[in-house]
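Working notes for the structure below.
The chains referred to below are lettered A, B, ... by the order of the sequence lines, with proteins before strands, and numbering in each begins at 1.
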Amino acid sequence: MEAINPTVMNLIIFVLAIYVGYHVVWNVTPALHTPLMAVTNAISAIIIVGAMMAGALTETTMGQLMGFLAITLASVNVFGGFLVTRRMLEMFKKKEKK
Amino acid sequence: MLDFSINTVTLLYLVASVCFIQALKGLSHPTTSIRGNIFGMVGMLIATISTFGLIGNMANVLRTESLLSGIILVALGIALGGAIGATMAKKVEMTKMPELVAFMHSMVGLAAVFIAIAAVIEPHALNITEKGMQIPAGNRLELFLGAAIGAITFSGSVIAFGKLSGKYKFRLFQGAPIVFSGQHFINLIVGLSIIGLGVIFTLTENWAAFFLLLALSFIVGVLIIIPIGGADMPVVVSMLNSYSGWAAAGIGFSLGNSMLIVAGSLVGSSGAILSYIMCKAMNRAFLSVILGGFGGETDLAQSSGESKPIKTGSADDAAFMLGNADSVIIVPGYGLAVARAQHALKELTDKLIEKGIQVRYAIHPVAGRMPGHMNVLLAEAEVPYDQVFEMEDINSEFNQTDVVLVLGANDVVNPAAKTPGSPIFGMPILEVFKAQSVIVNKRSMASGYAGLDNELFYMESTMMVFGDAKKIIEEIGKASED
């Protein structure tokens with residue numbers, strides 16, 4: 001029996017992930033749509049995984065430069081995205097105590 | 001150096017993916033959202049640490065000579081980007097959130113392009129092929145898609161950023177749409193050229209084609225956003241949010257990395273749903289938003305020509321009406337955000353609540369410049385979220401309400417949406433016109449984004465209070481004290 005092509009496996013993951021995303025996001029309350037966007041900004045910065053590989057494992061100057069730039073840009077989002085989401089959510093929380 | 005087997009790394013990626021899903025799930029209610037956000041951070045931490053492990057593993061196999069300097073490079077990049085990101089997150093004003101989000105979309109897009117270029121230069125470093133081997137055609141197709149979507153996301157977001165900030169003189173960054181004859185035809189030609197070049201690249205590994213299609217993708221990103229007017233910005237921001245996710249997923253396919261595919265798809269579908277919600281709230285077809293040309297900030301002369309009578313009043317009159325009411329609903333619009341009046345508004349409502357008046361806020365889905373923007377602005381002013389209602393939940397309440405205070409909102413309260421034949425017919429609105437009396441604060445009689453006259457302003461029960469939202473609210477607040 002031949003092995004499954006990795007791209008087919010990836011396609012399966014892709015479709016199922018879209019399905020999960022679809023159902024989870026419809027449950028997000030409209031009041032939190034702005035934090036949702038900020039946190040998805042941070043999550044899409046997962047691209048840092050590819051950037052790290054490019055930065056650490058390439059040997060040409062061009063490859064390393066590309067990797068370094070990609071890491072920097074993605075890190076802006078990782079830190080900026082999660083922290084600004086946190087800042088917004090804190091605002092929603094504060095008023096509960098009253 | 002960490003050295004994880006590929007199976008360990010993949011399992012850790014699975015854990016990180018579950019964390020990301022939890023992060024989104026937490027946002028279903030304000031009370032669970034902060035925990036959700038922590039899940040998201042933990043997921044990202046797991047993903048980066050596992051990637052260090054993967055790098056260690058691959059470096060042994062590849063015998064990477066420059067591993068140490070490479071790792072230093074990674075650490076430097078994270079420190080530099082992290083410092084920039086953290087500073088921005090701390091400093092940004094809540095009214096400027098749409099710009100920050102647009103900026104971040106462009107970061108993801110550009111990062112995707114850089115990774116694609118690195119993959120093209122040294123495919124073995126990204127685990128695409130063995131050292132010295134050619135990139136297989138399937139991976140070339142995926143690289144082409146990831147890079148093109150990334151480039152479109154980048155340049156499109158830059159234009160969106162400019163339009164949202166509204167402070168640049170550069171014509172492409174103005175809110176008014178840019179339309180010219182043959183526009184769609186040119187976009188179509190450029191789009192088809194990108195696909196054509198992509199096919200050439202996939203079939204022949206022609207690098208010139210790859211870099212040419214990259215350049216064209218940057219151009220098409222600009223071209224598709226410039227004809228879209230200021231009013232449609234919530235859709236554009238959501239759409240670019242979606243694109244940034246697909247760009248990450250596309251890169252995930254080319255690197256065969258399940259982590260990128262899962263996280264990218266989550267973001268992609270999230271952005272797509274938000275675009276859909278925004279279009280529905282404006283009763284606009286997604287396609288017609290994309291084709292653009294609608295929604296410039298116009299101060300058209302009133303379409304009817306003759307001046308109809310309106311009733312105007314002062315802040316004191318408004319304070320008197322509010323003070324005598326039993327129930328008040330406040331409808332904040334973008335004008336409130338522009339005037340930064342949310343804090344003054346909170347003070348005013350506190351005074352009203354002290355007098356035993358029931359005060360609620362009604363939020364239209366497109367109030368503000370991005371989905372949920374108004375909720376954040378009210379939250380910033382410490383308005384409790386249980387006083388804030390979505391359109392569907394509060395529309396049935398207007399006819400039992402004494403006074404509705406409309407602040408800097410126009411199209412979303414325009415009863416013309418109920419009149420067949422009107423350009424905005426069918427758009428869901430806040431049914432303010434059903435209330436006993438209405439107070440509308442605007443800067444002038446200028447029409448809203450849709451360029452339409454608003455019947456609400458001429459109604460017997462409506463009183464117009466002209467002036468800057470913040471100033472008027474403060475005056476009403478002062479007058480309410482006596």
Side-chain angles (χ1 to χ4, degrees), chain A residues 6-7 10 13-14 17-18 20-22 24-25 27-34 36-37 39-41 43-44 46-47 49-60 62-64 66-80 82-86 88-89 91-92 94-95, chain B residues 20 24-25 27-28 30 33-34 37 41 51 55 64 66 70-71 73-74 77-78 80-82 84-86 88-89 101 104 107-108 110-111 114-115 117-118 121-122 125-126 241 244-245 248 251 255-256 258-259 261-263 265-267 269-270 273 371-373 375-376 379-380 382 384 390:
Chain A
T7 307
N10 287 338
I13 295 171
F14 180 62
I18 291 176
V20 171
Y22 180 85
V24 172
V25 171
N27 275 328
V28 172
T29 169
L32 294 179
H33 276 164
T34 298
L36 170 67
M37 283 197 137
V39 86
T40 51
N41 265 328
I43 293 177
S44 59
I46 188 66
I47 206 162
V49 167
M52 285 167 69
M53 288 165 73
L57 297 168
T58 50
E59 284 168 321
T60 59
M62 188 60 178
Q64 289 187 328
M66 289 294 125
F68 174 72
L69 290 175
I71 294 163
T72 310
L73 298 182
S75 305
V76 171
N77 272 24
V78 170
F79 285 80
F82 282 122
L83 292 176
V84 85
T85 308
R86 185 175 182 83
M88 279 190 276
L89 295 176
M91 291 171 182
F92 280 89
K94 262 181 223 154
K95 302 145 315 180
Chain B
F20 288 151
L24 297 182
K25 208 169 158 230
L27 289 168
S28 56
S33 57
I34 291 187
N37 198 40
M41 294 187 206
T51 306
I55 290 171
T64 312
S66 56
I71 294 289
L73 209 58
V74 172
I78 293 177
L80 178 63
I84 298 171
M88 285 178 24
V101 166
M104 289 205 203
M107 295 289 105
V108 176
L110 197 56
F114 288 150
I115 296 169
I117 296 175
I121 300 170
E122 290 183 62
L126 290 143
N241 187 237
S244 70
I251 294 296
L255 305 186
S258 57
M259 180 76 252
I261 298 175
V262 172
S265 320
L266 289 176
V267 176
S269 48
S270 163
I273 290 172
H373 193 195
N375 300 78
V376 171
E380 188 193 14
E382 299 187 15
E390 305 301 327

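With contacts defined as side-chain heavy-atom distances shorter than 4.5 Å, the pair B/Asn375/A/Leu32 does not qualify. Annotation: side chain of A/Val24 is not in contact with side chain of B/Leu27 (no heavy-atom distance under 4.5 Å). In this structure the side chain of A/Leu57 never reaches within 4.5 angstrom of the side chain of B/Leu126, judged on heavy atoms. Side-chain atoms of B/Ile34 and A/Phe92, non-hydrogen and from C-beta on, never get closer than 4.5 Å to each other. Contact of the B/Asn241 side chain with the A/Thr40 side chain is registered, since non-hydrogen atoms from C-beta on lie closer than 4.5 Å. Within the 4.5 Å cutoff, side-chain heavy atoms of B/Leu24 are placed close to those of A/Leu36.
Residue with the most contacts toward chain B among A/Ile13, A/Leu83, A/Thr60: A/Thr60 (heavy-atom pairs, distance under 4.5 Å). Among B/Gly245, B/Ser258, B/Ala263, the residue making the largest number of heavy-atom pairs under 4.5 Å with chain A is B/Ala263. The candidate with the highest count of non-hydrogen atom pairs below 4.5 Å against chain A, out of B/Asn37, B/Leu266, B/Leu110, is B/Asn37. For the set B/Met88, B/Met107, B/Glu122, the count of heavy-atom pairs under 4.5 angstrom toward chain A peaks at B/Glu122. Among B/Gly372, B/Gly77, B/Ala86, the residue with the largest count of heavy-atom pairs under 4.5 Å with chain A is B/Gly77. Options A/Met53, A/Glu59, A/Gln64, A/Arg86 differ in how many heavy-atom pairs under 4.5 Å they form with chain B, and the most are formed by A/Glu59. Ranked by heavy-atom pairs under 4.5 Å with chain B, the list A/Ala31, A/Gly55, A/Ala74, A/Ala54 is led by A/Ala31. The candidate with the highest count of non-hydrogen atom pairs below 4.5 Å against chain B, out of A/Ala51, A/Gly67, A/Gly63, A/Gly80, is A/Gly80. Between chain B and the residues A/Met62, A/Met66, A/Met88, the largest count of heavy-atom pairs under 4.5 Å involves A/Met66. The choice from B/Ser244, B/Gly81, B/Ala111, B/Gly70 that makes the most heavy-atom pairs within less than 4.5 Å of chain A is B/Gly81. When A/Val78, A/Thr7, A/Thr34, A/Thr58 are compared by the number of non-hydrogen pairs under 4.5 Å with chain B, A/Thr34 comes out ahead.
Note that CD1 of A/Ile46 is 7.0 Å distant from OG1 of B/Thr51, once rounded to the nearest 0.5 Å. Note that CD1 of A/Ile18 and CD1 of B/Ile261 are 10.5 Å apart. Values are rounded to the nearest 0.5 Å. Atoms CE and OG1, from B/Met41 and A/Thr85 in turn, are 7.5 Å apart once rounded to the nearest 0.5 Å. Annotation: the span from B/Ile78 atom CD1 to A/Phe68 atom CZ amounts to 10.5 Å, rounded to 0.5 Å. Taking NE2 of B/His373 as the reference point, atom NE2 of A/His33 lies at 14.5 Å (rounded to 0.5 Å). The CZ atom of A/Phe14 sits 5.0 Å away from atom OG of B/Ser265, with the distance rounded to the nearest 0.5 Å.
At a 4.5 Å heavy-atom cutoff, the contact between A/Pro30 and chain B is made by backbone and side-chain atoms alike. Only the side chain of B/Ile251 comes within contact range of chain A, with at least one heavy atom under 4.5 Å from a heavy atom of that chain. In this structure, chain A has a heavy atom under 4.5 Å from the side chain of B/Ile121, while its backbone stays farther away. Only the side chain of A/Val39 comes within contact range of chain B, with at least one heavy atom under 4.5 Å from a heavy atom of that chain. Contact annotation for B/Leu255: only side-chain heavy atoms (C-beta onward) come within less than 4.5 Å of a heavy atom of chain A. Within the 4.5 angstrom heavy-atom criterion, atoms from both the backbone and the side chain of A/Val28 approach chain B.
For B/Ala248 against A/Ser44, the heavy-atom pair with the smallest separation is CB-O, 4.0 Å. Shortest non-hydrogen contact noted between A/Gly21 and B/Ile273 is O-CD1, 4.4 Å. Across B/Val108 and A/Asn41, no two heavy atoms sit closer than the pair CG2-O, 4.3 Å. In terms of heavy-atom proximity, A/Phe79 sits nearest to B/Gly82 at CD1-CA, 3.4 Å.
Without hydrogens or angle criteria, A/Asn10 side chain to B/Gly256 main chain gives no donor-acceptor distance under 3.5 Å. Judged purely by atom type and a 3.5 angstrom limit, A/Thr29 has no side-chain atom pairing as donor or acceptor with the backbone of B/Ser28.
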